[in-house]
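Heads up, the thing below is written out as structure tokens.
So you know, we letter chains A, B, ... as the sequences are listed, proteins then strands, and number each from 1. All values reported here derive from a predicted model rather than from experimental measurement.
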Protein chains: 2
Amino acid sequence: MSSSYASLTSALKQAGLRLTPQRLAICRFLAESREHPTAAMIYEHLRPEYPSLSAMTVYNTLKALVELGQVNALGDCGDDNVHYDADTSPHINLACISCHRIMDLPAPQIEALDGEISRASGYQLLGARLMFYGLCPDCQKTRVL
Amino acid sequence: MSSSYASLTSALKQAGLRLTPQRLAICRFLAESREHPTAAMIYEHLRPEYPSLSAMTVYNTLKALVELGQVNALGDCGDDNVHYDADTSPHINLACISCHRIMDLPAPQIEALDGEISRASGYQLLGARLMFYGLCPDCQKTRVL
DNA sequence: TATTTATTTATATTTATTATAAATAAGATT
DNA sequence: AATCTTATTTATAATAAATATAAATAAATA
């Protein structure tokens, strides 16, 4: 379950940032897409609608959303790109090493794990990334390798 | 528990790669250090001993070890650097967001999780990265922020 | 020892991201 | 509404990690 468009935009507003058309479009795409897009994907997707859009604006907006805790940057997806995930609730990311699709899985076990980890380590836990890698059902059929 | 020096070097040898002094030194450092070093850290650490060492050799050796499954590249450690982990057995990485130390934790729960995930998703699972973020015991005391 | 092949090194190149500064747009003030 | 102030966007330049290339070196083989 992704952060909604409303929660992304209201977080920007509460931080004193203006809700410009560019920022709103980036939020809309993040909230609606289930693709864990990269900065480049967001830029290319929005360019037809906003021909003057600059990549810098995409980077800036993503950085703001990450700092506000509304979006996670995933750096370990198996390709070499940073993907953005508007779902900041505890869950598992499953990346296909062949087609590089990323899907989300609920993981109620995480809460229990969290407790065990902080007890065992003394760390005060603030977040997690649970990335699993494998072949998705489609690529298991298609791929010979 | 890290891959031993012996397993790193024998994996290189079995792959038909020569055990040069540079490669052996990189393996030794990976096996002995518990610091999850970056390529730059390895390079700087070995330079006094190997003044002619080139960064390219470090990158090449790490790439070979990663491709042989002897070392994991961790791209999501909270700083913006790729850290290398010679422990490829299933475990949890715990990164301190203040001092950027990374520690390992055993996680016998992972095997069960693995089964649940492949059943729920249809993915054929091949690996995982379990990164948790927080404040280590030292930084909880030290930091005011 | 000469020859072949792998490896290392030095250098150049690439590419994602960040920094900078001018241009633009929005909000506030009068 | 017009002006002033500030934020934002854009275009461009700069940065830095990683990769590619090619010459130099070292190792293995004959």
Side-chain angles (χ1 to χ4, degrees), chain A residues 8-9 11-29 36-68 71-84 100, chain B residues 8-30 36-68 71-84 100:
Chain A
L8 294 176
T9 57
L12 290 176
K13 190 165 198 177
Q14 280 195 310
L17 298 170
R18 291 181 188 162
L19 300 183
T20 63
Q22 294 92 332
R23 285 175 178 163
L24 294 175
I26 291 165
C27 289
R28 198 178 323 121
F29 186 54
H36 303 76
T38 64
M41 288 165 71
I42 296 170
Y43 178 62
E44 291 306 332
H45 182 266
L46 296 178
R47 235 144 65 94
E49 199 183 345
Y50 297 86
S52 76
L53 180 68
S54 139
M56 193 70 245
T57 299
V58 177
Y59 283 117
N60 280 338
T61 305
L62 287 170
K63 193 179 182 194
L65 290 168
V66 168
E67 279 166 3
L68 292 167
V71 165
N72 285 334
L74 308 178
D76 257 336
C77 297
D79 55 14
D80 289 322
N81 304 311
V82 177
H83 292 255
Y84 291 88
H100 296 122
Chain B
L8 294 176
T9 56
S10 79
L12 291 176
K13 189 165 198 176
Q14 279 195 311
L17 299 169
R18 289 181 189 165
L19 300 182
T20 63
Q22 295 91 332
R23 284 174 178 162
L24 294 176
I26 292 166
C27 289
R28 198 176 325 119
F29 187 54
L30 282 168
H36 303 76
T38 64
M41 288 164 70
I42 296 169
Y43 178 62
E44 291 306 333
H45 182 265
L46 295 178
R47 234 143 65 94
E49 200 182 345
Y50 297 87
S52 77
L53 181 68
S54 139
M56 192 69 244
T57 299
V58 177
Y59 284 119
N60 280 337
T61 305
L62 287 170
K63 193 178 182 193
L65 290 169
V66 167
E67 278 166 4
L68 293 167
V71 165
N72 286 334
L74 308 179
D76 257 337
C77 297
D79 55 13
D80 290 321
N81 304 311
V82 176
H83 292 255
Y84 292 88
H100 296 122

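Of the candidate nucleotides C:dT9, D:dT9, D:dA18, C:dT9 has the atom lying nearest to any side-chain atom of B:Leu53. Candidate nucleotides C:dA26, D:dA18, D:dA28 were compared by shortest atom distance to the side chain of A:Arg18, and C:dA26 ranks first. The side chain of A:Ser52 sits closest to D:dT10 out of C:dT17, D:dT10, C:dT7. For B:Gln22, the listed nucleotide lying nearest its side chain is C:dT9; candidates were D:dT8, D:dT10, C:dT9.
For the pair B:Asp79 CG and D:dA17 P, the computed distance is 11 Å after rounding to whole Å. Atoms CG (A:Leu17) and C1' (C:dA25) sit 16 Å apart, rounded to a whole Å. The CG-P distance, from A:Asn81 to C:dA16, rounds to 7 Å in whole Å. A straight line from CZ of B:Arg47 to P of C:dT9 spans 11 Å, rounded to a whole angstrom. Residue B:Leu12 contributes atom CG, which lies 14 Å from atom C1' of C:dA6 at whole-angstrom precision. One atom, NZ of B:Lys13, and another, C1' of C:dA6, lie 15 Å apart when rounded to the nearest Å. One can place CD of B:Glu44 at 11 Å from P of D:dA17, the figure rounded to the nearest angstrom. Atom CD1 in B:Ile42 sits about 14 Å away from atom C1' in D:dA17, given to the nearest Å.
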Inset, instruction - Could you please spell out the steps behind the side-chain contact (heavy atoms from CB on, under 4.5 Å) verdict for B:Lys13 and B:Thr9? - result: CA-CA 6 Å; B:Lys13 189 165 198 176; B:Thr9 56; over 6 Å; no
Inset, instruction - Evaluate the side-chain contact (heavy atoms from CB on, under 4.5 Å) criterion for residues B:Leu53 and B:Gln22: first the C-alpha distance (whole Å), next the side-chain angles of each, then the deciding distance (0.1 Å), finally the verdict. - result: CA-CA 7 Å; B:Leu53 181 68; B:Gln22 295 91 332; 3.8 Å; yes
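Residues of residues 54-67 of chain A that place a heavy atom closer than 4.0 Å to DNA chain C, in numerical order, are A:Met56, A:Tyr59.
Between A:Thr57 atom OG1 and A:Ile26 atom CD1 the span is 6.5 Å, to the nearest 0.5 Å. Atom OH of B:Tyr50 is separated from atom CG of B:Leu24 by 7.0 Å, given to the nearest 0.5 angstrom.
Using a 4.5 Å cut-off on side-chain heavy atoms (C-beta onward), B:Leu62 and B:Leu30 make contact. Counting heavy atoms from C-beta on, the side chains of B:Leu8 and B:Val71 come closer than 4.5 Å.
The minimum heavy-atom distance linking B:Asp76 with A:Gly75 is given by the pair OD2-N, 2.8 Å. Residue B:Cys27 comes nearest to B:Leu65 through the heavy atom pair SG-CD1, 4.3 Å, listed as atom of the first residue, atom of the second, then distance. Nearest heavy-atom pair, A:Tyr43 versus A:Ser54, reported as atom, atom and distance to 0.1 Å: CE1-C, 3.8 Å.
Checking the phosphate oxygens (OP1, OP2) of D:dT8, a side-chain nitrogen or oxygen of A:Arg23 falls inside 4.0 Å. Residue A:Thr20 places no side-chain N or O under 4.0 Å from the OP1 or OP2 atom of C:dA25.
For the helix from C:dT1-D:dA30 to C:dT30-D:dA1, the rotation axes defined at the first and last 5 base pairs enclose an angle of 20°, given to the nearest 10°.
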